[in-house]
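Here the structure comes first, spelled out in structure tokens, and everything after it is commentary.
The basis for the numbers below is simple: all heavy atoms, side chains too, and nothing from hydrogens, waters or symmetry mates. Numbered from 1 within each chain, the chains take letters A, B, ... in sequence-line order.
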Amino acid sequence: MKATYDIKAAQDKWRPVWEKLDPFRAKDDGSAERRYALTMYPYPSGDLHMGHGEVFALHDVLARYWRFRGYDVLNPIGWDSFGLPAENAAIRNNEHPATYTYANIETQAESIRRYGMSFDWSRRLHTSDPDYYRWQQWMFLRFYEKGLAHRKASWVNWCPNDQTVLANEQVVQGECERCGATVTKRELTQWYFKITDYAQRLLDDMDQLGRWPEPILTAQRNWIGRSEGAYIDFPVEGPNGERRAPVRVFTTRPDTLFGATFFVVAADARLAAELCTDEQRSAYEAYLEKVKQETEVDRLAVDRKKTGVFLGVHATNPATGERIPVYAADYVLADYGTGAIMAVPGQDQRDWDFAEAFDLPIVRTVQPPDDFDGEAYVGEGPAINSANDEISLDGMAVDEAKAAITEWLEKKQAGEGAVTYRMRDWLISRQRYWGCPIPIVHCEACGEVPVPDDQLPVELPDLRGHDLAPKGVSPLAAASEWVNVDCPKCGGKAKRDTDTMDTFVDSSWYFLRYCNPHYEDGPFDPEAVRRWMPADNYFGGAEHAVLHLLYFRFFIKVLHDLGMLDFVEPTLSLVNQGQVINQGARMSKSRGNGVDLGEQIDNFGVDAVRLTMVFASPPEDDIDWADVSPQGSVRFLQRAWRLAHDVAGEPGVDPVTGDVSLRQVTHRTVHDAAELIDSFRFNVMLARIMELVNATRKAVDSGCGPADPAVREAAETVAVLLSLVAPYTAEEMWEHLGHEPTVANADWPEVDPELLVQESITAVVQVQGKLRAKLEVSPDITDVDLERLALADANVQRAVGDREVHRVIVRAPKLVNVVVG
RNA sequence: GCCCCCGUAGACCAAUCGGCAGAGUCGCCGCUCUUAAACAGCGGUCAGUGUGGGUUCGAGUCCCACCGGGGGCACCA
């Protein structure tokens, strides 16, 4: 029976020691360069799950590594503790959401501690604490003063299950991102943050995000959806020829203006109702009623027939002077561009479909290729049918024609070049209880009145259980004592705003608060933030690509513009960990393939689970738990530990007299591990540690023996490197090797550059690209010498035979390639 | 439909600048230990890189097309 250690005993033994020594508290005293290691804070739903296990294990490698390298590391943890699951649980169990929330936080905190994370617990925060959301209300008021938070009436996404509105970002394929219910539309007055004002800067500043994953940047670019084109004004006249106010459209194809044969307004846009004549009123209203019934899913269905209704008025095409009919239809969106389009069936398939359904004329203004047999032609080609008395586009390429017609429109004051974005403003109102109240009072006399700063926080009233049952309006509306207040301005009768903020507002600034979480003079301590931000790395899931990861960028830009920050991006480095799946599929109750983190830890120990998480794949790849072997991780950790057990030399011995070949492996491993961590290749780093363990084992058993100073050096190196991933095992090793706890305070092994230099290197010799010989050469051999050696080699000469040597490519000291005729 | 990422042993994954396809792990096979088995240890095993072209002295790596998987956007004018 080989010597082993008991991981469970080690877990119980070291936790109190670490908590006493508390080595991971950020010093923030200027004694070392600062690094901010940020990881997405958890939502307190039950205990930690496998996903937390992965992201925490990965994040901790980096945080512990930076500390080893002498940085003063800020590695905080907190909880995203407002949100619907707690509220729904409270309704079910007739209790207060706080009860469920804070109980889960304690459960998770305990699990995180057991998991051996190097967090600085002194900075812990919860977004549901009044101390936290107070400052969110304060920032909301600053946004409000700048016109960046405002109320407007609009058709909004409504989740009939959660009984609340949703932001565009929270609707995925027409379904609620949270609960999966089919989203419907409602016309409501809601609070918005004007993220659209920042669309261009959100795009431009991506240049700074050099260490963000490309897929996230692409997703954000798609989401923002920048389009270049032009606004064009169309004069409108009523049924008897009376002139009406002109209507502006946005188009990306101003070059096709001559082909605009009709005009469409979004059915649900106010403009449609305004344009509609009395004769067409009932037809329009019937149509609008039908449109309103449609869900988002219906609307997005493919191969949908085009529908619409004539509004009784005509527009005039400013290029052709022709009267064209104006329709209302649901294929035009009210809140994109101007809510109205010029329809060019010749160059747009949607318009083509509508033209066919309503028997409208089709004029091509771009010449399709001879072999084109489709309907609308959207490709490149020379303009045709595009001339009037003042301008002719005929013969021009698309880009040239766009520029020419835009210039003409601008000269005629009938339009202008323009850019629009697909992204909409961020809808932040939620008709639910467990969130940050919006600090606005609605006064009968004064209208919207901000709650004065000195009356913050607006705390949530004490509601629980059935008080919180969804009724389509916020549960806060029923708390009459809370709702009815005196107007802060005139003292008259007023009511509090009863909506709460989207919890993505909470997560847009928590990392600023971490820098000094007990700061009392503002949402964050500007000096502390200057010292720590932007975060040096952020670990978290890719599911937030166009949610949190967009919102927090927006928030930082606004705070910058408010003069509160001197940077414009929250972090320049982001890593998205993959998901932990099982048997090729996401874990779920219905599949019955769930894996419980706690059970895995009970079976294999914390260290083996963490090691498995880090070793299984590159951080950004999914881990299929069916493909990995926590038992193999246990085996490796025992092997590593056994090295410490076998070391026979005394502590403090100078390793220089030790076995050189083992020392070379040790030093090479330390050197490479640093580079691998810097490039987030943690799985490869672990492979290198395993290699070192194997080499040391060999040295002990059949090499220099357990008493050689190089063996001690190697074992100590393994302990330090391994502590990044397996802190309990590393601590056991460190103690066994005769050192005081904690290994976290050990010095990062210094690399001796001389031990990285190899005395000889294997050069390969190819003939016609095929391997023919290997030569042991000095690493600093010259091209000339290497070529001579290679050509003299018997195998090479045989491969060359009597053919003529045309060319010899030499890449000393690694390779020679002989090209023969 | 448009855009992005990824395809390497039975599985998970390595392979700095284009330069010997294999570091590590799992699995499997054999041996050692054991009364036996498990555990553990030691040794071994298998691919020419999704397919087809191209560039190059040389391609897993660069380029093009296609196939397969994952993701984003999508009636956005």
Shortest side-chain distance from [X], nucleotide among [options]:
X        : options                : result
A:Ala687 : B:rG58, B:rA77, B:rA23 : B:rA23
A:Tyr331 : B:rC75, B:rG72, B:rG41 : B:rC75
A:Asn817 : B:rC57, B:rU25, B:rA77 : B:rC57
A:Val332 : B:rA77, B:rC5, B:rG43  : B:rA77
A:Met690 : B:rG24, B:rC20, B:rC42 : B:rG24
A:Thr218 : B:rC12, B:rG43, B:rC3  : B:rC3
A:Leu771 : B:rC20, B:rA77, B:rG19 : B:rC20
A:Thr252 : B:rA77, B:rG72, B:rU25 : B:rA77
A:Gln631 : B:rA40, B:rC13, B:rA74 : B:rA40
A:Arg635 : B:rA40, B:rA77, B:rU25 : B:rA40

Whole-Å [atom1] distance, [N] and [M]:
N      : M      : atom1 : result
B:rU32 : B:rA38 : C1'   : 15 Å
B:rC20 : B:rC26 : C1'   : 26 Å
B:rC17 : B:rG7  : P     : 15 Å

Sugar-phosphate, base or nothing in reach of A:Arg688, heavy atoms under 4.0 Å: nothing
A:Lys306 to A:Phe358, cation-pi by 6.0 Å centre distance and 45° axis angle: no
Most 5' of A:Leu333 and A:Gly632 on RNA chain B, judged by nearest nucleotide: A:Gly632
Nearest-nucleotide comparison on RNA chain B, the residue closer to the 5′ end among A:Glu675 and A:Val546: A:Glu675
Between A:Arg591 and A:Gln583: side-chain donor-acceptor atoms closer than 3.5 Å: no
Donor + acceptor pair across side chains of A:Thr252, A:Ser227 (<3.5 Å): no
B:rG44: syn or anti, per glycosidic angle within 90° of 0: anti
Glycosidic class, syn or anti, of B:rC29 using a 90° window around 0: anti
Dot-bracket encoding per residue of RNA chain B, Watson-Crick/G-U cut-off under 3.5 Å, | denoting interstrand: (((((((..((((.....[..).)))((((((.......))))))....(((((..]....))))))))))))....
Side chain to side chain donor-acceptor pair (under 3.5 Å) assessment of A:Arg798 paired with A:Asn795: CA-CA 5 Å; A:Arg798 187 158 54 243; A:Asn795 288 323; 2.5 Å; yes
Presence of salt bridge, A:Arg788 and A:Asp785, under 4.0 angstrom: yes
Presence of salt bridge, A:Glu214 and A:Arg221, under 4.0 angstrom: yes
Criterion ring-ring contact (aromatic ring centres under 6.0 Å, His included) on A:Phe636 and A:Phe615, from CA distance to verdict: CA-CA 12 Å; A:Phe636 165 72; A:Phe615 182 58; 8.1 Å; no
Side chains of A:Lys290 and A:Val309 in contact at under 4.5 Å (non-hydrogen atoms): no
